[in-house]
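Source: prediction; values computed, not measured.
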Amino acid sequence: ILINQNPTEWNKLILINPDSGHFLQSFEWGGFKRQWGQKPLRFLLEDNGKPILALQILKRQTPLGLMWYCPKGPGLTTFTDSLWTELLSLLKKEAVKDKAVLLKIEPEVIETQEEIAYYRKLGLHKEAIDVQLKATIFIDLKKSADELMAGFKPKTRYNIRLAEKSGVIIKEDNSTEAMETLYQLISQTRERAGVLMRPKKYFFDYWSRSVKVKPKEPLLGGRIFLAEFEGKPLAGIYVSFFGNKIWYKDGGSIQEHKE
């Protein structure tokens with residue numbers, strides 16, 4: 001069913017998905033993208049009145065026509081889930097009704113040849129370019145700092161200890177000035193990589209919305225962290241919080257002091 005829940009109720013539905021939710025499926029992300037020309041559609045699959053899967057679609061016009069896009073969704077974790085057939089049937093039906101020419105989904109599932117073959121049977125085709133980052137690394141934050149350090153490669157452990165010994169500090173700073181610093185760090189990183197970058201207003205719009213959010217249930221928001229050496233920013237990241245997970249969303253660094 002197509003629903004129009006309030007933000008808190010929608011986020012609770014997303015957080016009980018099999019993948020325990022993704023911030024790109026949150027009500028707030030849909031609202032943010034609406035400000036940038038995309039319309040969120042929210043669907044809920046139920047079984048005898050019990051919610052079993054919620055997903056958010058972003059629809060936008062492309063040179064080819066209307067596209068339906070599901071960022072980091074649907075929230076299924078394996079291709080063996082029996083919901084796939086029913087879900088895709090629903091989405092195809094609704095997309096055609098809306099005169100969409102393309103349906104794109106990007107669930108967080110392990111990519112194997114077996115998975116790809118299964119999706120092809122369902123009528124899906126692997127896109128050559130991923131909108132979101134292709135690879136994901138999970139870190140269990142319930143572990144102690146020593147346990148996390150032990151999981152790194154020797155060179156990584158060496159670099160971390162060298163930075164600490166040299167006086168590099170990490171601080172949280174959600175001010176407008178910190179946003180400007182982070183944006184400049186990201187700009188330098190993108191220039192070195194030779195890739196396009198969204199306008200400053202896009203970043204500031206989302207960052208300023210999310211850093212104002214105080215921790216609550218369901219936990220949702222964002223924070224900015226900067227690494228500094230002798231008062232000079234070396235690197236920075238923006239992280240998104242949603243439910244019991246944190247994502248590294250944006251980040252950048254300078255070339256200086258790589259030693």
Side-chain angles (χ1 to χ4, degrees), residues 22-24 26 28-29 32-33 36 71-72 108 129-215 219-259:
H22 195 288
F23 79 95
L24 295 184
S26 70
E28 286 75 8
W29 182 257
F32 165 68
K33 297 300 283 187
W36 288 84
K72 288 300 181 180
E108 284 202 318
I129 301 175
D130 298 290
V131 177
Q132 306 303 326
L133 295 178
K134 181 179 177 64
T136 303
I137 297 174
F138 293 94
I139 298 178
D140 184 359
L141 297 181
K142 293 192 297 291
K143 293 182 178 180
S144 67
D146 289 340
E147 290 175 315
L148 291 174
M149 184 72 84
F152 295 139
K153 293 182 178 180
K155 182 62 175 178
T156 302
R157 293 198 295 269
Y158 172 81
N159 287 336
I160 292 174
R161 290 178 177 130
L162 178 60
E164 291 177 335
K165 184 178 180 181
S166 300
V168 175
I169 62 171
I170 308 296
K171 69 175 186 179
E172 178 183 340
D173 187 345
N174 301 307
S175 66
T176 302
E177 292 75 16
M179 293 181 194
E180 180 64 40
T181 297
L182 178 57
Y183 181 79
Q184 294 304 323
L185 290 168
I186 295 174
S187 297
Q188 293 184 47
T189 303
R190 297 291 177 95
E191 287 176 7
R192 295 197 301 271
V195 297
L196 297 176
M197 184 171 177
R198 292 184 182 274
K200 180 190 292 188
K201 188 178 186 306
Y202 181 91
F203 288 94
F204 272 51
D205 189 7
Y206 186 68
W207 292 344
S208 60
R209 289 174 183 228
S210 57
V211 297
K212 294 177 182 177
V213 178
K214 300 299 181 182
L219 178 61
L220 173 68
R223 301 291 182 267
I224 293 173
F225 295 91
L226 299 174
E228 295 183 349
F229 176 64
E230 296 181 346
K232 182 180 180 62
L234 302 181
I237 63 171
Y238 166 85
V239 296
S240 284
F241 298 77
F242 188 46
N244 62 358
K245 292 184 285 189
I246 303 172
W247 288 264
Y248 169 15
K249 182 181 179 295
D250 305 308
S253 62
I254 63 174
Q255 287 285 71
E256 299 175 54
H257 298 296
K258 294 185 69 175
E259 72 280 2

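Contact of the Ser240 side chain with the Tyr206 side chain is registered, since non-hydrogen atoms from C-beta on lie closer than 4.5 Å. Within the 4.5 Å cutoff, no side-chain heavy atoms of Trp247 are placed close to those of Val239. For the pair Leu196/Arg190, no side-chain contact is recorded, criterion being any heavy-atom separation below 4.5 Å from C-beta on. Side-chain contact check for Phe203 versus Met197: some heavy-atom pair is nearer than 4.5 Å. Side-chain contact between Lys249 and Ile237 is absent, with no heavy atoms from C-beta onward closer than 4.5 Å. Within the 4.5 Å cutoff, the side chain of Gln132 has no heavy atoms near those of the Asp130 side chain. Taking the side chain as every heavy atom from C-beta outward, Arg209 and Glu28 never approach each other to under 4.5 Å.
Side-chain atoms of Asn174 come within 3.5 Å of backbone N or O of Ile224 as a donor-acceptor pair. Judged by distance alone, the side chain of Thr189 and the main-chain N or O of Ser253 form a donor-acceptor pair under 3.5 Å. The main-chain N or O of Tyr238 is never found under 3.5 Å from a side-chain atom of Arg223 such that the two would form a donor-acceptor pair. Remark: side-chain polar atoms of Asp140 are paired, donor with acceptor, to backbone N or O of Lys142 under 3.5 angstrom.
Residues Trp207 and Asp250 have side chains that bring a donor and an acceptor to within less than 3.5 angstrom of each other. Looking at Gln184 and Glu180, their side chains do bring a donor and an acceptor atom within 3.5 Å of each other.
Trp36 and Tyr202 have perpendicular rings, their planes meeting at more than 60° on a 0 to 90° scale where under 30° would count as parallel.
Checked against the 6.0 Å centroid criterion, the rings of His22 and Trp29 do not qualify as a close aromatic pair.
Counting only residues at least two apart or on different chains, the salt bridge (Lys or Arg N to Asp or Glu O under 4.0 Å) pairs with a member in residues 158-171 are Lys171-Glu228. Residue pairs meeting the side chain to side chain donor-acceptor pair (under 3.5 Å) criterion with at least one member in residues 146-157, sequence neighbours excluded, are Ser144-Glu147.
A search for side-chain contact (heavy atoms from CB on, under 4.5 Å) contacts involving Val168 returns Ala163, Ala227, Phe229, Leu234, not counting sequence neighbours.
Taking CG of Leu185 as the start and CG of Leu226 as the end, the distance is 7.0 Å to the nearest 0.5 Å. Note: Lys200 NZ to Ile186 CD1 = 11.5 Å, rounded to the nearest 0.5 Å.
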